[in-house]
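Note that these values count all heavy atoms, side chains included, but never hydrogens, waters or copies made by symmetry.
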Amino acid sequence: AAAAAETAPAAPASAEQPAQPSLPEEAAVQEQAAVVKQLKSDKAPKEQIEAAVQELLARKQALAEAQQAAKVAGCFTSEAAKANCPAGMTPEQRYQSVFSVGDECVSDVELKLLLENNPNPICYDGFEPSGRMHIAQGVLKSINVNKLTDAGCTFVFWVADWFAQLNNKMGGDLDNIRTVGKYFIEVWKACGMNMDKVKFLWASDEINARPDEYWMTVMDIARRNNLKRVLRCCTIMGRSEKDELSAAQIFYPCMQCADIFFLKADICQLGMDQRKVNMLAREYCDAVKRPKPIILSHRMMPGLKQGQEKMSKSDPDSAIFMEDSEAEVNSKIKKSFCPPNVVEGNPCLEYVRHMVLPRLGEFLVARKEENGGDVTYKDADTLEKDFVSGALHPGDLKVSLAKALNTILEPVRQHFKQDPEAKALLEKVKKLRVTK
């Protein structure tokens, strides 16, 4: 650590007159590097040298942070940032809208620079067509997509039919997989997603149209990574490194990594469960010296049962599906886990915060006067405060949540009742056997 820390940031070559530090932090690093060098030359006590080295490392960290801050100093005020904003939106509002989509952003500095200089970034998410769509895929995704397209982004849905076949979804039957893919698209069209800047691209069609470009990238990614690194990404398929994987499933992460570059995505807007392969893509960029995609990972919505960190369609009682009937929604919410006075791990409160309030703008709790009367919440913090204090009872929360979700889902139900093609798709999907 001492040897690494001793080297100060390189200055431009000039034997006669060294360049002056551009930042105060840079001067501080150079000064401390000289102190460390002198202490070593004087054979000072080990403890003194180590303390000086630690100070140097701290100053280098401060320099890195100052350099990052300098990069984005004008990202909200530059003429480029203003010109690249959609009408009626300031650069800072645009950034906040995009940033709010993710539970994690890698990195926020890169995101600020992208939005300053690009009026139309490309965001992407891929999905394996498998089974029915639950509200985390439908409602939450539509909210996030609308935030991004309102901010000037184009959103590309990668309909990963070949990936579903590789992962043995729907028994590996490509015709059934494509049926489910069409059903997914119908749901998103009906659930309030603004389609003006949304594209649906089928993986099989796009790869077959440009095979040389795609497979050369896949092979290069595979060549540059060992098997251990690729196996670490198997969680993206809902698999474990300890599972007995087919060769197809081992190849899958290299293909998903290649998708990002094939689609020319600026922002990877997938769930936190896909983080490992997105980070693999950034590592690949370091190796081949190309711009890195920004990772904007959305949260995973919990299931209805206690301890379920992720809603799962393989357990119908843990998920609310997009075309569930009003009675089914009421029944599932009534049986859901909702411990009194507890926020953490409470799926009902999560659904209000991340789906109901963003979609409806408010959350109405209807109660009898003797139970406190009606109350309308405009923000989740106030709702959660009342819940913790006991001012809001789980029973009242559940009844109101079910009503709000039914309001959100009603247009989807009507679409699948009234549109003949959509109705036929849903009937086919319900008959198909879902495989993991």
>> Evaluate F155 against Y124 for ring-ring contact (aromatic ring centres under 6.0 Å, His included), listing each step before the verdict.
In response: CA-CA 6 Å; F155 201 98; Y124 116 96; 8.2 Å; no
> Can K264 and E213 be said to form a salt bridge (charged side-chain N to carboxylate O under 4.0 Å, His left out), step by step?
Replying inline: CA-CA 12 Å; K264 298 177 173 54; E213 178 185 348; 3.5 Å; yes
> Do K60 and E26 pass the salt bridge (charged side-chain N to carboxylate O under 4.0 Å, His left out) test, and can you show the C-alpha distance, the side-chain angles, and the key distance before you say yes or no?
Replying inline: CA-CA 8 Å; K60 283 194 168 187; E26 189 175 350; over 6 Å; no
> Please walk me through it: do R178 and D205 pass salt bridge (charged side-chain N to carboxylate O under 4.0 Å, His left out)?
Replying inline: CA-CA 11 Å; R178 290 184 72 91; D205 294 342; 3.7 Å; yes
>> Please evaluate residues F416 and V412 with respect to the criterion side-chain contact (heavy atoms from CB on, under 4.5 Å), reporting the C-alpha separation (whole Å), side-chain torsions for both, the decisive distance (0.1 Å), and the verdict.
In response: CA-CA 6 Å; F416 281 98; V412 180; 3.8 Å; yes
> Checking salt bridge (charged side-chain N to carboxylate O under 4.0 Å, His left out) for the pair K417/E323: CA distance, chi angles, key distance, verdict?
Replying inline: CA-CA 10 Å; K417 286 179 181 177; E323 70 300 315; over 6 Å; no
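At distances below 3.5 Å, at least one donor-acceptor pair connects side-chain atoms of N341 with backbone N or O atoms of V388. When atom types are taken as modelled, the side chain of D396 and the backbone of L392 share no donor-acceptor pair closer than 3.5 angstrom. Of the possible polar contacts, one joining the Q93 side chain to the T90 backbone as a donor-acceptor pair under 3.5 Å is found. Under the 3.5 Å distance criterion, the side-chain polar atoms of T376 are left unmatched by any main-chain donor or acceptor of L364. A donor-acceptor pair under 3.5 Å links the side-chain atoms of R282 to the main chain of P293, judged by distance alone. The backbone N or O of D386 lies less than 3.5 Å from a partner atom in the side chain of S389, making a donor-acceptor pair. Side-chain N or O atoms of D374 include one that pairs as donor or acceptor with a backbone N or O of R367 at under 3.5 Å. At distances below 3.5 Å, at least one donor-acceptor pair connects side-chain atoms of K398 with backbone N or O atoms of K334. Between the side chain of T149 and the backbone N or O of V145 there is at least one donor-acceptor pair closer than 3.5 Å. Checked by atom type and distance alone, the side chain of N167 never pairs as donor or acceptor with a backbone atom of K169 at under 3.5 Å.
For the residue pair R359 / S142, a side-chain donor-acceptor distance below 3.5 Å is found, with atom types taken as modelled. Donor-acceptor pairing under 3.5 Å is lacking for the side chains of N84 and E116. At a cut-off of 3.5 Å, with distance as the only test, a side-chain donor of Q414 or E410 sits close to an acceptor on the other residue. For E427 and Y183, the side-chain atoms include no donor-acceptor pair closer than 3.5 Å. At a cut-off of 3.5 Å, with distance as the only test, no side-chain donor of Q269 or K147 sits close to an acceptor on the other residue. With no hydrogens or angles considered, a side-chain donor-acceptor pair links D161 and S204 at under 3.5 Å. Between D125 and N144, the side chains place no donor N or O within less than 3.5 Å of an acceptor N or O (distance only, hydrogens not considered). Looking at T154 and N120, their side chains do bring a donor and an acceptor atom within 3.5 Å of each other.
Taking the six-membered ring for Trp and thresholds of 30 and 60 degrees, F262 and W158 have ring planes more than 60 degrees apart, a perpendicular arrangement. A parallel orientation is assigned to the rings of F184 and F127, their planes being inclined by less than 30° (bins at 30° and 60°). Using cut-offs of 30° and 60° on the angle between ring planes, the pair F261 and Y284 is tilted.
Side-chain contact between M311 and M300 is absent, with no heavy-atom pair separated by less than 4.5 Å. Side-chain contact between L166 and F251 is absent, with no heavy atoms from C-beta onward closer than 4.5 Å. The closest side-chain heavy-atom distance from P316 to F321 is below 4.5 Å. Within the 4.5 Å cutoff, the side chain of V342 has no heavy atoms near those of the L349 side chain. In this structure, the side chains of L113 and N118 stay at 4.5 Å or more apart for every pair of heavy atoms. No side-chain heavy atom of M301 sits less than 4.5 Å from a side-chain heavy atom of H134. Side-chain contact between W188 and M133 is present, with at least one heavy-atom pair separated by less than 4.5 Å. The shortest distance between side-chain heavy atoms of L263 and I122 does not fall below 4.5 Å.
Electrostatic pairing of R413 and E326 does not count as a salt bridge here, judged by no charged N lying under 4.0 Å from a carboxylate O. In this structure, R132 pairs ionically with D324, as a charged nitrogen and a carboxylate oxygen lie closer than 4.0 Å. Salt bridge R94/D150: absent, no basic N to carboxylate O contact under 4.0 Å. Between K310 and D273, at least one side-chain N (NZ, or NE/NH1/NH2) sits under 4.0 Å from a carboxylate O, which counts as a salt bridge. Here E104 pairs with R275 in a salt bridge; the nearest charged N to carboxylate O distance falls below 4.0 Å. D220 has a carboxylate O that lies under 4.0 Å from a charged side-chain N of R224, or vice versa, which qualifies the two as a salt bridge. Using a 4.0 Å cut-off between charged side-chain N and carboxylate O, K305 and D315 make a salt bridge.
Here the shortest heavy-atom pairing between C254 and V230 reads SG-CG2, 4.0 Å. Taking each heavy atom of I250 and L227 in turn, the nearest pair found is CG2-CD1, 3.6 Å. When all heavy atoms of A81 and C75 are compared, the pair lying nearest together is CB-O, 3.1 Å. For the residue pair P129 and M170, the shortest heavy atom distance occurs at O-CG, 3.9 Å. Of all non-hydrogen atoms in G152 and K197, the two that sit nearest each other are O-NZ, 2.9 Å. For the pair D175 and D173, the tightest heavy-atom approach, listed with the atom from each and the gap, is N-OD1, 3.0 Å.
Distance CD/E110 to CD1/I295: 9.0 Å, rounded to 0.5 Å. To the nearest 0.5 angstrom, I185 atom CD1 is 5.0 Å from W202 atom CH2. Between D259 atom CG and E206 atom CD the span is 11.0 Å, to the nearest 0.5 Å. Expressed to the nearest 0.5 Å, how far CD1 of I294 lies from SG of C268 amounts to 9.0 Å. Taking OG from S100 and CG from L148, the interatomic distance works out to 8.0 Å, rounded to the nearest 0.5 Å. Distance SG/C257 to NZ/K276: 15.0 Å, rounded to 0.5 Å.
Tested against H415 for a side-chain hydrogen bond (donor to acceptor under 3.5 Å, both in side chains), the candidates E186, K423, K189 yield a single pass: E186.
The number of heavy atoms from other shown groups lying within 6.0 Å of NZ (K292) is above 12. The number of heavy-atom neighbours closer than 6.0 Å to CD of E309, taken from other residues, nucleotides and ligands shown, is 12 or below. Within 6.0 Å of CE on M216 lie no more than 12 heavy atoms contributed by other residues, nucleotides or ligands.
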